[in-house]
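Throughout, residue positions are numbered sequentially from 1 according to the sequence presented. What you see below is based on every heavy atom in this structure, not just the backbone, and it leaves out hydrogens, waters and symmetry mates.
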Amino acid sequence: MRCDYYDAGVCRSCAWLELPYAEQLARKAEHARRTLPGVRAWLPPVRSPEEGYRNKAKMVVGGSVDAPVLGILDAHGRTVDLRACGLHTPGI
């Protein structure tokens, strides 16, 4: 997935964004196998859509009553508006 926030350096919440999605899935599956060594059989990972799949988010509220800003805090404690984040379902 391409992300303007990530490309601009204002959000780093998606630590693996630069990895191809297939590699992300493979790494997560391997991590699960290492974390749960007693499991005898594993089903293959189920691919979700790469965009618009998060239906909830924890965001900081900043700005003012007239002009709210929803997002995360940057290194200087300012709110970075993430309402257009491609991971969230429309409406967030």
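- H31 contributes atom NE2, which lies 8.5 Å from atom CG of L36 (distance to the nearest 0.5 angstrom).
- Minimum interatomic distance between P68 and V65 (heavy atoms only, all atoms of both residues): CD-O, 3.7 Å.
- Atom CD of E30 has more than 12 heavy atoms from other residues, nucleotides or ligands within 6.0 Å.
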Notebook entry, point to check: side chain to side chain contact (heavy atoms under 4.5 Å, CB included) between M1 and L17: does it pass, once the steps are laid out?
Noted result: CA-CA 7 Å; M1 183 182 110; L17 194 60; 4.2 Å; yes
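- Counting all heavy atoms, side chain and backbone alike, A57 lies closest to H88 at CB-NE2, 3.5 Å.
- A distance of 11.0 Å separates CG of L19 from CG of L25, quoted to the nearest 0.5 Å.
- Under the 4.5 Å side-chain heavy-atom criterion for Ile, Leu, Val, Met, Phe, Trp and Tyr, V80 and V69 are members of distinct hydrophobic clusters.
- Interatomic distance, SG of C11 versus CG of D4, reported as 11.5 Å (0.5 Å rounding).
- Checked options C14, C3, P49; the residue passing with L87 is C14 (criterion: side chain to side chain contact (heavy atoms under 4.5 Å, CB included)).
- The CZ atom of R83 sits 9.0 Å away from atom CE of M59, with the distance rounded to the nearest 0.5 Å.
- Note that CZ of R12 and CG of D74 are 13.0 Å apart. Values are rounded to the nearest 0.5 Å.
- A donor-acceptor pair under 3.5 Å is absent between the side-chain atoms of Y6 and the main chain of A15, judged by distance alone.
- Here the CG atom belonging to L70 is positioned 9.0 Å from the CG atom belonging to L82, to the nearest 0.5 angstrom.
- Using modelled atom types, no side-chain atom of R54 and backbone atom of T89 make a donor-acceptor pair closer than 3.5 Å.
- Looking at heavy atoms from C-beta onward, I72 lies out of side-chain contact with T79 at the 4.5 angstrom threshold.
- Not one N or O on the side chain of E50 forms a donor-acceptor pair closer than 3.5 Å with the backbone of Y21.
- Side-chain atoms of Q24 come within 3.5 Å of backbone N or O of W16 as a donor-acceptor pair.
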